[in-house]
Visitor: 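Handing you this structure, nothing more for now.
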Amino acid sequence: MTREQHIAGIQKLRAEKNAIILAHYYTLPEVQDIADFVGDSLALARKAADTDADIILFAGVHFMAETAKILNPDKKVLVPDMSAGCCLADACKAADLARFKKEHPEYKVLSYVNCTAAVKALSDLIVTSGNALRLVNTFPKDEKILFAPDKNLGDYINRQTGRQMLLWDGMCRIHDHYTIEDLQLLKDSYPGVQVVAHPECRREFLAHVDFVGSTAAMISHISESPDKEFIVATESGILHELKKRNPDKTFYTLYNGDIAHDCGSMKKNNLEKMYNALLHEDPELTMDPELMAKAVAPIRKMLELS
Ligand code: 13P
């Protein structure tokens with residue numbers, strides 16, 4: 001089938017089956033273009049919480065589809081490629097977190113949404129990069145908190161809020177690999193250009209940027225800025241929305257050695273897989289109802305607080 005046939009087929013099946021297509025900003029441009037809603041982690045969780053579609057086709061990574069399913073246990077959640085994972089989610093195993101909690105019962109667990117349902121079920125509250133700074137302050141200042149699984153985001157929250165959360169040892173391989181040296185090369189080529197970055201980047205890198213924010217916060221910041229050129233330190237998929245909203249602006253991205261700034265998992269979503277998923281209603285994400293019942297509480301709490 002051609003690309004046009006896949007697009008026509010997705011549109012027809014979506015209407016016939018009352019399906020909604022949710023996509024993260026890191027997915028391929030053609031995936032973002034056909035989606036009903038494109039967002040960052042927070043916006044996608046919000047959208048998943050209030051859709052009246054019968055089927056959710058989630059073009060993102062596994063933990064995001066899990067979140068949509070947990071919020072809609074009676075709906076069918078389809079995933080174009082079940083192997084689209086996240087190294088952050090992989091970094092925190094539920095068994096290890098359960099052991100930590102047993103050994104340190106005095107700690108509350110604050111988890112970044114980039115974690116498995118089993119880890120969410122062991123957490124007191126979930127945050128995204130878009131609401132973490134605000135939601136951490138719902139805990140008393142002297143509360144002992146473990147932040148999992150992103151040590152860079154946790155470190156950023158600590159520095160911004162004066163907290164001393166204990167940090168799990170996980171990181172996003174895209175953001176963690178940006179280096180000051182690569183940034184300096186770009187700054188030398190484009191002097192005076194504003195640098196924006198995701199808080200999943202390392203502390204020493206963030207010390208050299210002008211604006212730190214979630215995917216949606218970076219898009220808003222750039223779109224509202226009078227500046228015309230930006231160095232953007234995050235996953236390449238964001239450029240599609242940035243260029244659509246800001247056709248008059250120029251974006252420079254970092255080349256970080258042999259590790260491309262593409263999230264391979266996000267890029268596994270494509271039109272052919274989306275078409276087949278809608279046609280066959282497969283792969284479908286199924287989850288243990290007991291696990292969903294446990295994991296929903298800290299997610300709902302986040303949505304109520306944000
Ligand atoms: P946001 O979507 O919250 O910016 O986070 C990026 C990310 O890690 C996606 O997996």
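Counting starts at 1 for both ligands and their atoms, following the listed order. As the structure is a computational prediction, the values presented were derived from the model and not from experiment. Note that these values count all heavy atoms, side chains included, but never hydrogens, waters or copies made by symmetry.
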Visitor: Between Asp288 and Lys294, is there a side-chain N and carboxylate O pair less than 4.0 Å apart?
Guide: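 Looking at Asp288 and Lys294, the cut-off is not met.
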Visitor: Just to be sure I read this right, does ligand 1 sit under 4.0 Å from the backbone of Leu88, its side chain, both, or neither, counting only heavy atoms?
Guide: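 Leu88 to ligand 1: no contact under 4.0 Å from either part.
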Visitor: Suppose we measure from atom 8 (O) of ligand 1 to each protein heavy atom; which comes out shortest, and what is that distance?
Guide: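 For this ligand atom, the closest protein heavy atom is Glu200 OE2, 2.7 Å.
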Visitor: Can you list the ligand 1 atoms lying under 4.0 Å from a non-hydrogen atom of Met64?
Guide: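 Under 4.0 Å from Met64, ligand 1 has these atoms: 9 (C), 10 (O).
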Visitor: Is it true that the side chains of Asn270 and His6 contain a donor and an acceptor less than 3.5 Å apart?
Guide: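 Side-chain D/A pair, Asn270 to His6: absent.
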Visitor: Going by the atom numbers of ligand 1, which of them fall below 4.0 Å from some non-hydrogen atom of His24?
Guide: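 Answer for ligand 1: 2 (O), 9 (C).
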Visitor: With a 3.5 Å cut-off and no angle check, do the side chains of Gln194 and His221 form a donor-acceptor pair?
Guide: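 Their side chains do contain a donor-acceptor pair, which is all the 3.5 Å distance test asks for.
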Visitor: Under a 3.5 Å distance rule, please check whether Gln32 uses its side chain to pair with a backbone N or O of Gly237 as donor and acceptor.
Guide: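 Checking the backbone N and O of Gly237 against the side chain of Gln32, a donor-acceptor pair under 3.5 Å is found.
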Visitor: Indicate whether any N or O donor in one side chain lies under 3.5 Å from an N or O acceptor in the other, for Ser123 and Ser111.
Guide: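 There is such a pair (donor and acceptor under 3.5 Å, judged by atom type) between the side chains of Ser123 and Ser111.
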Visitor: Taking the non-hydrogen atoms of Leu42, is any one of them nearer than 4.0 angstrom to ligand 1?
Guide: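 No, Leu42 has no heavy atoms under 4.0 Å from ligand 1.
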Visitor: How close does the nearest protein non-hydrogen atom get to atom 4 (O) of ligand 1, and which residue and atom is it?
Guide: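 Result for atom 4 (O) of ligand 1: Thr215 OG1, 2.5 Å.
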Visitor: Considering only heavy atoms of Ser129, which atoms of ligand 1 have at least one such atom less than 4.0 Å away?
Guide: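 Within the 4.0 Å cut-off of Ser129, ligand 1 contributes 1 (P), 3 (O), 4 (O), 5 (O).
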Visitor: Could you say whether the N/O atoms of Asn114 and ligand 1 ever approach to under 3.5 Å?
Guide: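 Yes; the residue has a nitrogen or oxygen that sits under 3.5 Å from a nitrogen or oxygen of the ligand.
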Visitor: Between Lys69 and Thr286 (side chain of the first, backbone of the second, donor and acceptor by atom type, cut-off under 3.5 Å), is there such a pair?
Guide: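 No, the answer is negative, given that no donor and acceptor are paired below the 3.5 Å cut-off.
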Visitor: Within ligand 1, which atoms have a heavy atom of Tyr112 less than 4.0 Å away?
Guide: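 By the 4.0 Å cutoff, the relevant atoms are 5 (O), 8 (O).
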Visitor: May I ask which of His198, Met266, His175, Met218 has a heavy atom nearer to atom 5 (O) of ligand 1 than the others do?
Guide: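 Looking at heavy atoms only, the winner is His198.
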Visitor: Under the 3.5 angstrom rule, does the side chain of Glu281 hit a backbone N or O of Leu78 as a donor-acceptor pair?
Guide: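 Side chain of Glu281 to backbone of Leu78, a donor-acceptor pair under 3.5 Å: no, none is there.
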Visitor: Taking heavy atoms and a distance under 4.0 Å, where does Glu235 meet ligand 1: side chain, backbone, both or neither?
Guide: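 Neither; no heavy atom under 4.0 Å.
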Visitor: Please name the pair of heavy atoms, one in Phe58 and one in Ala68, separated by the smallest distance, quoted to 0.1 Å.
Guide: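 The pair with the smallest heavy-atom distance is CD1-CB, 3.8 Å.
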Visitor: Classify the contact between Tyr26 and ligand 1 as side chain, backbone, both or neither, using a heavy-atom distance cut-off of under 4.0 Å.
Guide: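 Looking at Tyr26 and ligand 1, just side chain atoms fall under 4.0 Å.
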